[in-house]
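All figures in this text were calculated on a predicted structure; none of them were measured in a lab. Per chain, numbering begins at 1; letters A, B, ... match sequence-line order. FYI, side chains are in, hydrogens and waters are out, and symmetry mates aren't considered; it's all heavy atoms of this structure.
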Number of protein chains: 2
Amino acid sequence: MDLMLCPPRFTLVLGRDGELQDSKKINQSRIQRKKRALILNAAESVFARRGFSGSRLKDVAEEAGLPKANILYYYKSKEDLYRCVCQDILENWLGAIGEISVGSEPNEALRKYIEAKMELSMQRPNASRVFAMEIISGAPVIGDYLATELKSWVDKHVLIFQGWQNRGQLVDVSPYHVFFVIWAVTQTYADFETQIKLLLGDQHLGLDEYKRAVKSATQIILCGLIPR
Amino acid sequence: MDLMLCPPRFTLVLGRDGELQDSKKINQSRIQRKKRALILNAAESVFARRGFSGSRLKDVAEEAGLPKANILYYYKSKEDLYRCVCQDILENWLGAIGEISVGSEPNEALRKYIEAKMELSMQRPNASRVFAMEIISGAPVIGDYLATELKSWVDKHVLIFQGWQNRGQLVDVSPYHVFFVIWAVTQTYADFETQIKLLLGDQHLGLDEYKRAVKSATQIILCGLIPR
DNA sequence: GTCTATAAGTTGATAGAC
DNA sequence: GTCTATCAACTTATAGAC
């Protein structure tokens with residue numbers, strides 16, 4: 001449900017057994033890493049549909065094409081697997097989007113940010129859905145991350161927005177809500193893809209419709225934010 | 001994830017056992033109706049946090065303050081209960097918002113629609129969350145409703161939007177995406193309340209912050225939609 | 001109408017043969 | 001490393017006493 005825009009400065013470790021997870025990650029053979037990645041990918045798909053408590057390890061195993069016991073060989077528990085999925089998503093997002101710099105011009109900076117978020121929604125929709133489920137459920141796992149790292153990132157950028165507003169480059173709205181609006185719109189194309197497909201009558205959201213979505217979202221939000 | 005704006009013209013019946021549900025509804029004593037409403041309310045709260053497959057009837061029973069067996073006395077199965085929750089939400093939404101009429105002026109019509117959607121998100125956030133979970137899960141229960149009734153309502157209003165665009169009263173964006181943007185923004189204040197609270201540092205989203213949210217959302221979207 | 005007891009099935013997790 | 005067999009705990013749902 002939102003991203004850090006800066007490159008990762010350190011390795012994120014969500015949850016209680018970070019040391020164990022880290023050591024497991026470091027001492028991995030190539031095969032182990034491949035299998036863990038295979039399971040992680042299958043788990044992301046299952047968690048995206050059912051959330052944490054609704055997902056079954058059996059379904060993860062079937063999605064990965066492995067016996068159920070193997071899942072628990074590579075991840076010590078269902079919760080461990082879920083934390084690793086969340087961590088993997090965060091690290092991917094951390095690396096995928098650039099920083100919004102103080103000196104940059106708001107129209108270009110925000111356009112780039114919106115386009116990057118849309119690209120993430122389209123390329124890895126299940127990641128967005130896992131996050132949506134997690135937050136709707138009350139953010140039991142990533143709550144700490146939201147309250148600390150994401151909050152400090154947002155607070156920093158709120159100051160940038162206020163600078164733009166003082167110079168008349170951004171309309172006078174609550175800067176926090178600027179983020180809420182951008183996140184809501186860009187992520188809806190991943191999270192509510194089912195609804196969007198049904199209403200557009202498309203089986204697959206093709207490249208054309210994707211471009212139309214980016215164009216519409218960018219136009220509406222930017223026109224609403226940049227004074228003329 | 002979206003609403004009918006017209007008043008309900010008939011009773012919605014989701015799912016396979018509509019007749020049974022209806023007869024049960026009609027021949028109810030006052031006490032039965034009260035208990036069913038109590039359970040429905042508790043169920044909405046539980047399903048909003050865990051989705052269908054993640055929810056336990058035990059939790060519904062505790063939330064309602066009833067023994068577990070009583071839940072299955074009033075609703076014949078977990079799935080039946082879930083369908084009734086979805087149906088109840090849809091009917092509430094159907095009745096809560098007025099129609100967007102052809103002759104009305106887009107600025108006022110869209111402002112009223114956005115404000116009504118925001119009010120629904122704030123007054124009954126769990127309803128929005130149940131819907132979000134349902135759609136992220138692939139809309140197994142309300143998919144038919146989305147593809148038929150909601151689609152025909154949207155298609156009708158797309159024509160109205162195109163009329164506005166021909167008269168230069170609405171900017172030239174894909175009308176479908178106008179809905180996607182409005183729904184995304186208004187519903188984010190219910191679905192992602194956890195995140196918003198954490199980032200704003202508020203324990204409770206008070207009336208002041210609610211008013212600021214309505215103002216910001218309305219301003220950004222409307223300025224992006226209405227040409228000047 | 002209400003609730004205890006329990007049936008029938010599924011779940012996360014483990015032990016141990018290979 | 002892999003996989004079968006299995007456990008204890010928990011799930012939905014039902015039967016039947018009150």
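Between Lys35(A) and the phosphate of dT2(D), there is a side-chain N or O to OP1/OP2 separation shorter than 4.0 Å. For Tyr74(A), a side-chain nitrogen or oxygen approaches OP1 or OP2 of dT2(D) to under 4.0 Å.
Of the listed nucleotides (dG1(C), dA13(C), dT12(D)), dA13(C) has the atom at the smallest distance from the side chain of Ser77(A). Checked against dC3(D), dT2(C), dG1(D), the side chain of Gln32(A) finds its nearest nucleotide in dG1(D). When distances run from any side-chain atom of Leu57(B) to the nucleotides dT14(C), dA13(D), dG1(C), the shortest one goes to dA13(D). The side chain of Lys58(B) approaches dT11(D) more closely than any other nucleotide in the set dG1(C), dT11(D), dG12(C). Side-chain proximity of Ala69(B) to dT14(C), dC3(D), dT4(C): nearest is dT4(C).
Taking the six-membered ring where the residue is Trp, the centroids of His177(A) and Tyr189(B) are separated by under 6.0 Å.
The separation between Asn70(A) atom CG and dT4(D) atom C1' is 11 Å, rounded to whole Å. Note: CZ (Arg30(B)) to C1' (dG1(C)) measures 17 Å, nearest angstrom. If you measure from atom CG of Leu72(B) to atom C1' of dT2(C), you get 14 Å, rounded to the nearest angstrom. Taking atom CG on Leu38(B) and atom P on dG1(C), their separation rounds to 15 Å, with Å as the unit. Rounded to whole Å, atom P of dA8(C) lies 21 Å from atom NZ of Lys78(B). For the pair Tyr75(B) OH and dG1(C) C1', the computed distance is 16 Å after rounding to whole Å. Taking atom CD1 on Ile39(B) and atom C1' on dT12(D), their separation rounds to 15 Å, with Å as the unit. Between Ile71(A) atom CD1 and dC3(D) atom C1' the separation is 13 Å, expressed in whole Å.
Taking CD1 from Ile136(A) and OG from Ser128(B), the interatomic distance works out to 8.0 Å, rounded to the nearest 0.5 Å.
If you check every strand for non-hydrogen atoms under 4.0 Å, Ser55(A) touches sugar and phosphate atoms only.
Here the side chain of Glu134(B) pairs a donor or acceptor atom with the backbone of Val141(B) at under 3.5 angstrom.
If you check distances only, the side chain of Lys68(A) does reach the base of dG12(C) with a donor-acceptor pair under 3.5 Å.
Using cut-offs of 30° and 60° on the angle between ring planes, the pair Phe47(A) and Tyr82(A) is perpendicular.
Counted by atom type alone, His157(B) and Tyr113(B) present zero donor-acceptor pairs between their side chains at under 3.5 Å.
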